[in-house]
Amino acid sequence: MQNSTILLLLLASSTLPALIIFLTPSRYVLTRNITNLSGIFSKIFFVLLLFHGLAHDEVYSLSFAFTPHSSIVLKVDTLSMLFATLSSILWLFTTIYAIAYFKDTKNQNRFFGFFSLCVTATVGLSVAGNLFTFFIFYEFLTLTTFALILHTQTVEAKKATIIYLAHTIIGGLFFLVALVVLQSVSGDVEFQSGGYLGVLSDASPLFLQAIFVLLLIGIGVKAAIFPLHHWLPSAMAAPAPVSALLHAVAVVKAGAFGLIRVVYEVYGVELSRSLGLLDILLGVAVVTILFGSIMALRQLDIKKLLAYSTVSQVSYILLGIALFGPLGTIGAMVHLVHQGVMKITLFFCAGAFAKLHNIKKIDQLDGLGKVMPFGALAFSIAALGMIGIPPTAGFISKYYLALGAYENELLWVLGVLALSSLLNAMYFLPLLYRIWFLAPKELHTQQQEKKGANLFLLLPALVGALLSLLLGVFALSDWSPLGLAEKIVELEYRR
Amino acid sequence: MRNKTFHSLLYFLAFWLFVGLSFILTNINTLDSSMHTKLFEAMPHSGVTHEVTAVLLNFRALDTLLEVGVILLSLIAIHALEPNFRYTPLSFENTITNTFVAILFPLIALYAFYILYSGSYQSGGAFSASALLAGGIIILRLVKPRSFFVPKELILRFLYVSGLFYFVCVGMISLFFGSFLEYRDYIASFYIISIESVLMLSLGAILSAYFINAVQRVKP
Amino acid sequence: MFNNLIPALIITPALFAILGFLFSKRAAFFGIAFGLIFFSESLLLLYGVATKSPWAYHFGGWQAPLGIAFAPLRFGSSILGVSAFVMLLTFIYARFSLQESQRALFYPLSTFLALGLVVVYLSQDIFTIYVGLEIIGLCAVGLSALQKSPKALHASLVYLFSTLVASGFYLLGVVIIYAKYGLLNISALIPVIQEELPTLVAFGFMVVAFLLKTAVFPLSFWLANAHANAPTPVSALLSALVIKATFYLMYLFAATLFIFEYELSYFLAFLGVGAIFYGGIKAYLSSDLKLLIAYSTISQVGYLLLIFAFIDEHTDPSMAFNAMAFALFSHTLAKSGFFLAAGVVVHIAQTKEISALQGYASITPVSVFAIALSAVSLIGLPPSLGFVSKWYYLQSAYLSESWFFLFAIIGGGILSAAYLFKLLILFLEHPLEEGHLLRREKSHTTLEWTAFTLSFLSVFLAFFSNSIIAFMG
Amino acid sequence: MLLIDTLLLVLLLWLGFKITFTKDHFNAIIHFIVFGMILALAWVRLGAFDLALAEIALGAGITGALLLDTITFLKKIGREDA
């Protein structure tokens with residue numbers, strides 16, 4: 001098989017199921033699930049194949065002239081593998097979860113179709129080989145997620161969709177303008193480690209800074225950076241599987257991933273530093289981290305709390321980028337994966353709580369540990385991971401971020417990290433206290449009869465919790481996210 | 001009030017348009033008359049002796065073909081506007097007009113044929129002839145609505161389209177010997193006369209149908 | 001072989017219009033047959049244009065200054081090809097959507113429309129172009145009157161007067177040019193034409209005629225009602241094909257004949273910006289689905305006119321040309337698909353009121369999907385033809401440092417996103433009542449998929465942008 | 001000759017003005033028919049006899065008849081103002 005075909009198959013493995021699902025009437029549940037799962041497993045297979053190939057120094061790239069001035073490039077490097085693996089594995093979890101969650105509801109084919117397309121977009125983002133291709137998949141992501149957020153068809157969902165679209169469409173325009181201007185200056189260039197702008201253009205620093213700000217707005221909208229985060233809490237109106245995917249991989253991570261690409265492979269980290277771009281990024285990240293945590297403290301709704309927690313946690317990634325130096329970068333990339341796994345677990349649990357016992361508010365959590373011990377256990381592990389307690393995955397990333405800050409002698413950043421961890425603990429620990437130590441209140445348990453559904457709602461959450469432990473424990477193995485991140489960083493800082 | 005403002009605005013615009021245009025048109029000095037010299041060079045091959053007819057039916061026959069299309073098209077467009085009501089048409093029927101028309105119509109028809117034929121050497125031709133013919137038919141219709149003979153719809157439609165159809169057929173035949181609508185020298189005059197005759201009948205039918213269709217509405 | 005293609009492109013519509021008019025009971029059959037033949041002929045023409053060196057066809061064997069010459073140019077022929085495709089699908093759609101009495105007139109009229117388009121896109125003769133414009137105008141008026149509601153009749157009457165005035169203006173321009181230079185052929189005129197008062201006045205008349213016929217903003221009063229009140233396939237034809245013909249002429253004349261003052265061409269571009277915002281705001285405010293689409297047309301026409309901002313800039317003019325061409329193709333396909341899909345929705349709902357159309361995504365998913373795809377192209381989201389257009393416009397605006405136009409393009413994008421997503425969100429909401437499912441008919445499947453094909457192509461063809469740009473040179 | 005030409009021109013302009021601004025539709029139509037006749041004379045003066053014929057038959061004749069018919073119809077259904 002040709003190397004470029006694998007890339008196309010990688011994208012097709014979620015696009016084709018989406019098309020089939022769209023055309024299958026909603027009532028053919030089995031057909032839909034089989035199509036969906038076979039798409040997922042083939043995607044995971046292709047990801048493994050790519051891993052295998054990368055280990056043997058194969059080159060996977062595919063380039064295609066879109067117009068004479070810009071081309072679509074698909075290219076696999078270690079960074080893309082990081083993101084592609086995350087999306088395809090979490091796709092599997094979420095799909096299993098969603099099948100149980102949406103059992104016997106309407107418009108399922110619409111949901112699963114757009115869901116698969118959404119995965120196509122994220123995998124496309126991960127293998128995008130230049131900024132132009134990245135932009136195309138970025139906008140494609142907007143289009144597919146918009147239908148997902150609207151899925152419940154409630155008034156809040158509609159409001160959330162409008163807010164989401166207003167943010168992302170306008171953000172996309174910022175991105176587009178920046179992209180057009182960049183391409184006019186630099187021509188059609190692929191991502192390359194070390195960046196290409198410093199070498200190619202003799203543009204003035206001010207110009208490059210302005211473009212960076214445009215890009216930061218355009219891509220940062222999806223990463224929910226501080227003044228542009230508004231859509232994320234309101235998008236909680238979406239059903240739990242959607243929020244899970246939105247928060248863990250699809251949208252916010254797309255933004256963070258995009259900023260990694262921009263800083264390391266468009267500008268290059270040296271140029272970014274000399275232009276002072278990293279300082280901008282650092283400021284934004286710190287403000288967002290603290291803001292998100294403080295807002296999370298004030299929430300009474302579980303999903304809202306998780307949303308603000310995401311706002312804060314995603315900016316850890318930006319913080320890691322902004323810390324010039326290999327350790328910070330490693331922290332950022334590892335956090336990209338680890339936060340995804342932990343956050344999706346939390347959302348699975350929150351969704352299961354809401355679906356099975358109609359628990360939506362924090363004060364309803366009392367004594368849940370006795371009612372659904374497995375769900376509560378998964379929630380607790382993920383929450384502890386979020387705070388950064390060893391040996392969970394969250395500890396590893398925060399540790400590297402702290403090391404990065406120390407390496408750069410930015411002691412106040414260490415302070416920020418400590419403060420934010422404290423805040424994390426302050427909003428997560430009361431929840432755990434309620435779950436395990438308070439007496440249960442009267443619960444509005446809804447579906448006693450659906451035992452099978454329970455299992456499939458909880459299983460992905462448990463696996464996610466297990467994974468967030470394993471990622472922490474086996475962080476030092478070669479193919480862990482940490483190992484991959486170290487490889488990438490080696491490339492970036494080699495010169 | 002608004003209407004009045006609109007009218008005065010219209011008047012104002014029209015006035016300046018007129019002044020400007022007449023100024024420009026009187027000041028034009030034609031730069032190049034190469035087209036005229038070419039026209040006179042080509043006249044011997046055109047099959048007719050009158051320049052206007054030669055231009056209309058030979059040199060720029062395509063324009064004429066398309067214009068015939070436009071006229072047929074306008075009839076179809078009138079069909080599209082067909083309102084859904086019925087009323088008795090105008091008529092001016094009495095003995096004097098009856099007798100007058102009995103003499104007048106054959107004269108008009110004859111004059112139309114004369115105009116048609118004379119088109120090859122002086123001003124005239126199918127368009128004027130068909131207009132005359134249509135006028136005659138309309139007068140006939142106005143004065144003798146009862147004795148007025150209306151053929152079947154399908155036959156009428158054949159009549160309407162015959163002009164365009166014949167023109168296109170001539171074009172297709174000429175494709176075998178050269179380009180579209182290419183006919184020269186000895187054969188040209190035959191083609192031109194035949195096209196003109198068919199055009200006169202079909203355009204006359206269409207033009208009179210404008211009126212007759214409009215007043216002879218029956219509810220579908 | 002390719003030489004006889006041009007007369008064939010004249011003969012076919014003429015003959016099929018005659019046949020359709022004669023045998024009105026079988027009009028649909030002749031119409032669709034014509035659509036197929038016409039589309040294959042236009043494909044052949046495209047092939048010929050791509051492979052042969054430029055050629056001209058002289059009607060009647062008379063050379064250019066005396067006779068009439070047709071010359072297929074790359075841009076014109078490709079618009080003709082796209083138009084033929086849109087026409088074919090619309091014809092299939094009309095077979096299932098119109099009543100028999102309407103079909104009997106729809107097919108002959110729109111077949112004549114094809115004749116007019118052929119003349120406008122291929123002719124080199126400014127008088128023959130006038131005849132072509134007359135054909136197009138009359139067809140459009142007749143077609144828009146097919147829906148015999150008083151509103152439609154009134155709208156088509158306004159349309160008739162506007163188009164007549166515009167034709168008259170154009171003819172005046174032709175007359176002045178002929179009086180001045182004694183020539184009618186464009187390529188013969190190019191070397192002799194000079195910047196003099198009569199010529200400029202003639203151009204002024206022509207430009208006003210084109211602006212009126214293309215429905216550029218202040219002169220667009222006739223468009224919205226005429227397009228919104230016509231039967232669905234007619235609306236599709238009118239907005240996808242008819243206004244493009246005059247815009248093409250405006251571009252062609254500007255690129256070849258007109259000796260534009262820079263200020264005038266800038267003025268046209270400003271009109272375009274006005275159109276983008278006026279149409280967008282009106283579309284956002286309108287509560288009638290078809291009216292929304294019609295106003296969106298007015299707004300999209302503005303994007304076409306933006307090319308005049310870059311026509312004699314120092315930067316690479318091919319970029320602005322690409323932008324305009326892609327805007328044109330995108331609008332042709334997306335808007336016809338949009339209208340056809342909206343027609344299905346309206347047919348099921350029996351109302352054009354937007355607020356009553358809530359939740360139609362679960363009743364007719366394919367049409368809503370088609371509308372969504374059209375929206376993607378109209379907003380200019382990637383990867384669609386509209387996106388390529390917007391990309392090149394932004395790039396030209398940046399390279400020529402016209403910040404005003406840059407912001408206008410961005411603002412227009414936001415505006416169109418606003419009104420199109422408003423519609424899409426509404427479609428995706430809860431249906432008002434479930435009983436609608438009963439009103440679905442079997443024929444709707446065909447209708448839905450023809451609409452979908454057009455909308456899909458407006459997105460999918462973007463992947464061939466490179467070849468399209470290469471073809472148009 | 002110049003006198004006749006000027007007279008024709010002035011007449012045409014005046015008639016055009018009248019047609020546009022006359023309130024009474026019937027009056028306007030009569031003016032329109034007269035306008036057609038005068039225009040035909042003008043064509044004759046320009047040497048375009050075929051145009052003159054067509055103008056009389058089409059412009060004055062058929063169009064006039066159609067307009068008259070329309071106004072009769074409108075009067076019949078009671079919408080003289082229309």
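Proteins come first, then strands; the chains are lettered A, B, ... in the order of their sequence lines, and each starts at number 1.
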Answer yes or no: is there a donor N or O on one side and an acceptor on the other, between the side chain of Y57(C) and the main chain of F180(B), under 3.5 Å?
-> yes
Among L17(B), L62(B), L175(B), L181(B), the residue with the most heavy-atom pairs under 4.5 Å to chain C is L62(B)
Most chain C-contacting option - heavy-atom pairs closer than 4.5 Å, from L75(B), L65(B), V168(B) = V168(B)
Are the side chains of I176(C) and L21(B) in touch, meaning some heavy atoms are under 4.5 Å apart?
-> yes
Which bit of [X] is near chain C, if near means a heavy-atom gap under 4.5 Å: side chain, backbone, both or neither?
| X | value |
| --- | --- |
| F167(B) | neither |
| V70(B) | both |
| S174(B) | neither |
| L156(B) | neither |

Who among [options] has the most heavy-atom pairs with chain B under 4.5 Å?
| options | value |
| --- | --- |
| A145(C), G142(C), G60(C), S24(C) | G60(C) |
| V175(C), L22(C), L138(C) | L22(C) |
| F106(C), F21(C), F59(C) | F21(C) |
| V201(C), L115(C), L109(C) | L109(C) |

Kindly write out the residues that satisfy side chain to side chain contact (heavy atoms under 4.5 Å, CB included) with D63(B), not counting sequence neighbours, or none if the list is empty.
-> R60(B), I68(C), F127(C), T128(C), V131(C)
Can E182(B) and H58(C) be said to form a side chain to side chain contact (heavy atoms under 4.5 Å, CB included), step by step?
-> CA-CA 9 Å; E182(B) 176 166 358; H58(C) 301 279; over 6 Å; no
